[in-house]
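Read the structure below first, then the notes.
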Amino acid sequence: MKSRFVFFLVIDLMVSLSVSSQTPEIMWWFDVNDMSFGNSALADVDKDGKPEIVFSCYRNDSSVYVLNAEDGTLLWKKNTGGCNDVAPVIFDVDDDGDPEIILPGSCVPKTLCLDGATGETEWVVNTHGSDSPPTIGDIDGDGDVEILHGEFNGYVICISGKTGSVEWQFLVSDSCWIQTAPALIELDGDGLPDFVVANWHFGEKHRIYAFRGYDHAPLWESDLPQDVMYHGASFADIDKDGKPELAIGSYDGTLYILNGEDGSLYAQYAFPSPYYIGAPTSIADLNNDGFFEIVFIDWFKVGVLSHEGELLWDYSIPGYASSFRGAAISDINNDLIPDLVFGTSSGHLMALQGDNGYLIWDVDLQSHFGPNEFDIDHGPVIADFDGNGFIDVFVVGGHAEYPNVQNNYGRGYAVSCGSPGGPEWPMFRRDIRRSACVNDSVTTVIRPDPEHAGFRCFPNPACSILQIRPDNDLKLKTVLLSDLYGHTVLSMEVDQGKGNDVIGLNISTLDPGLYFVRLSGEAAQYLEKICVVR
């Protein structure tokens, strides 16, 4: 079923000389009996201090798999009796201290809640069937979370995470499917989450809808799209006006950016010869200019728009290959600039430099798999799988036919990027609200001048005491240590009155992995990545 043999790939890297050379390596692989559509999810489901990877497969396999991320060994699998087309989500939905896995089904019209550690079924809800990834949030302010997802026949359903009971279900539009993940976002100023979905209409009523969260009352709708929409909107405050904007692509070949408060058009863009934007959009500050950029994919062309809606760069995927599940975003070459990582229909796992679209590396999983077709219709998850301080990526590819599902097959691959990086991209659209936005402070800090870094950390990697030597002219005030999500895990106030004396920071209680050291002084801020080992 799988191998732990490490297959070394020689990659022609097109990166800045200031970035240390990296060669991706296949860490392990795991064979299944069908494609895995959508995405995986990543979390420590068995509370052993190491992450697990959760994904599900189509009809010829029909199973949910949970693999130990460090080596690809199987924790458990569960056959759901049918096709699983939806990206799962991992969250402690019943507030019992243990994570659950939520997975809607399509040909088996049920939504499952499974115990993350064992796969035991905690509850089941009958639905209209779904291709819509579930979203999680407390939409009514009662302290308990709800699960929202779209359904076939034009419905959206809201399920109590604690009990599995249906809180409401309503028809958004007839003659359509709601396949988009609900974007869970506060729109109307009442402090409670609202949600945005779009339809796959079988006529001409192509719409984007916004609803109030707790009672699904309509807020606005947009008739701008001229064709169907499969993946939902990403969102962020793109123009820094204190209100969110939403970015969504349509099969009419246009990327629409809407003002969240009323659905009015903020900006739109289409390539001179547009095809279809079926892949989900992503958002991050890709060039450290302090503003968000928007990533979209029109068939074989990857594009990045500025916060003003202007095209910054584009990249043509070789062989006219597509990337239907969009780009995950993380700094994977350790240059403090977020990068794009995506799988292609030709079986390649690719990484592009976020600020200019240059190719960082290209891993040919098709060649490794063998002569049979290997299509990746699966979005990557990104994290440090084995605690060695290097960022890793997981995707699943394979082949699917219908109705001859007996011909189907699949394989999941874990690939080490060969470099520190971050932050993580642990699920479809990155978070349980499905924002697809990297909004961590670690990606927007002031970058140090390479000739004058401001301080030095040693040893690196470190296991117990991290030594920090600041320069005299920094006039240091604080030392902060943050994780890959930007959360502060250690802090120290400093009175730099003794020149460049070494500061010792006790890191013995931290879990192994990658962290960021941030020093703030009177003149500037400086950032350095360090690896904690045991």
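Nothing here was measured: the structure is a model prediction, and the numbers come from that model.
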For this session: Determine, step by step, whether S250 and D227 satisfy the side chain to side chain donor-acceptor pair (under 3.5 Å) criterion, reporting the C-alpha distance in whole Å, the side-chain angles of both residues, the deciding distance to 0.1 Å, and the verdict.
Result: CA-CA 6 Å; S250 167; D227 209 333; 5.7 Å; no

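- Evaluation of the side chain to side chain donor-acceptor pair (under 3.5 Å) test over residues 195-207, restricted to residues two or more places apart or in two chains, returns R207-E221.
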For this session: Test side-chain contact (heavy atoms from CB on, under 4.5 Å) on I382 and I391 and set out the steps.
Result: CA-CA 7 Å; I382 303 174; I391 284 292; 3.2 Å; yes

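- Put simply, the side chain of V45 reaches to within 4.5 Å of the side chain of V66, judged on heavy atoms.
- For residues 325-334, every residue pair satisfying the salt bridge (Lys or Arg N to Asp or Glu O under 4.0 Å) rule, not counting sequence neighbours, is listed here: R325-D377, D331-K529.
- Centroid-to-centroid, the aromatic rings of F170 and F211 come within less than 6.0 Å.
- Taken from SG in C83 to CG in N60, the straight-line distance is 12.0 Å, to the nearest 0.5 Å.
- Not counting sequence neighbours, S323 has no partner by the side chain to side chain donor-acceptor pair (under 3.5 Å) test.
- Of the options I297, V295, I332, a side chain to side chain contact (heavy atoms under 4.5 Å, CB included) to L340 is made by V295 and by none of the others.
- When the salt bridge (charged side-chain N to carboxylate O under 4.0 Å, His left out) test is applied to D314, the partners found at least two apart in sequence or on another chain are K301.
- For F202 and W177, the ring centers sit closer than 6.0 Å to each other.
- Judged as a salt bridge (Lys or Arg N to Asp or Glu O under 4.0 Å), the pairs with a partner in residues 96-124 (not counting sequence neighbours) are, in order, K47-D98.
- Annotation: the span from L365 atom CG to I26 atom CD1 amounts to 5.5 Å, rounded to 0.5 Å.
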Problem set entry | Derivation of the side chain to side chain donor-acceptor pair (under 3.5 Å) call for S234 and T281 | CA-CA 6 Å; S234 55; T281 56; 2.7 Å; yes

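- Residues passing the ring pair (Phe, Tyr, Trp, His ring centres under 6.0 Å) test with F342, sequence neighbours excluded: none.
- Between F394 and F55, the two ring planes are tilted [angle within 30° to 60°].
- With contacts defined as side-chain heavy-atom distances shorter than 4.5 Å, the pair W361/L349 qualifies.
- Applying the ring pair (Phe, Tyr, Trp, His ring centres under 6.0 Å) test to H128 and every residue at least two apart in sequence or in another chain returns Y155.
- Looking at residues two or more places apart in sequence or on another chain, you find a ring pair (Phe, Tyr, Trp, His ring centres under 6.0 Å) between F428 and H231.
- A pairwise comparison of heavy atoms in C437 and F235 identifies CB-O, 3.6 Å as the closest pair.
- Between the CD atom in E151 and the CD atom in Q169 there is a gap of 4.0 Å [rounded to 0.5 Å].
- With sequence neighbours excluded, the residues forming a side-chain contact (heavy atoms from CB on, under 4.5 Å) with F369 are N372, F374, Y409, R411, Y413, listed by chain and number.
- Residues that satisfy the ring pair (Phe, Tyr, Trp, His ring centres under 6.0 Å) test with Y58, not counting sequence neighbours, are F37.
- Using cut-offs of 30° and 60° on the angle between ring planes, the pair F30 and Y65 is perpendicular.
- None of T127, D85, N84 except one satisfies the side-chain hydrogen bond (donor to acceptor under 3.5 Å, both in side chains) rule with S106; the exception is D85.
- The distance from the CG atom of L352 to the CG atom of D339 is 8.5 Å, given to the nearest 0.5 Å.
- Among the candidates D364, V363, I317, the single residue satisfying the side chain to side chain contact (heavy atoms under 4.5 Å, CB included) test with H348 is D364.
- Legend: side chain to side chain donor-acceptor pair (under 3.5 Å) pairs involving residues 391-400, not counting sequence neighbours, sorted by first then second residue: E373-H399, D392-S416, H399-E401.
- The heavy-atom pair separating G72 from L67 by the smallest distance is O-CD2, 4.1 Å.
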For this session: Show your reasoning for whether side-chain contact (heavy atoms from CB on, under 4.5 Å) applies to I90 and V54.
Result: CA-CA 8 Å; I90 306 171; V54 180; 3.7 Å; yes

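- With rounding to the nearest 0.5 Å, the separation of CZ in F195 from OG1 in T135 is 10.0 Å.
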For this session: Please step through side chain to side chain donor-acceptor pair (under 3.5 Å) for the pair Q353 and N333, ending with a clear verdict.
Result: CA-CA 9 Å; Q353 184 78 16; N333 61 358; 2.9 Å; yes

For this session: Determine, step by step, whether N408 and D34 satisfy the side chain to side chain donor-acceptor pair (under 3.5 Å) criterion, reporting the C-alpha distance in whole Å, the side-chain angles of both residues, the deciding distance to 0.1 Å, and the verdict.
Result: CA-CA 5 Å; N408 297 1; D34 212 324; 3.0 Å; yes

For this session: Take H149 and I159, measure what side-chain contact (heavy atoms from CB on, under 4.5 Å) needs, and give me the verdict at the end.
Result: CA-CA 9 Å; H149 65 77; I159 304 168; 4.2 Å; yes

Problem set entry | Working for side-chain contact (heavy atoms from CB on, under 4.5 Å), residues L112 and T80 | CA-CA 9 Å; L112 304 177; T80 65; 3.7 Å; yes

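- For the ring-ring contact (aromatic ring centres under 6.0 Å, His included) criterion with Y275, the lone passing option out of Y251, W299, F296 is W299.
- Between the CD1 atom of I257 and the CG atom of L224 there is a distance of 12.0 Å, given to the nearest 0.5 Å.
- Take K78 and apply the salt bridge (charged side-chain N to carboxylate O under 4.0 Å, His left out) test, not counting sequence neighbours, and it matches no residue.
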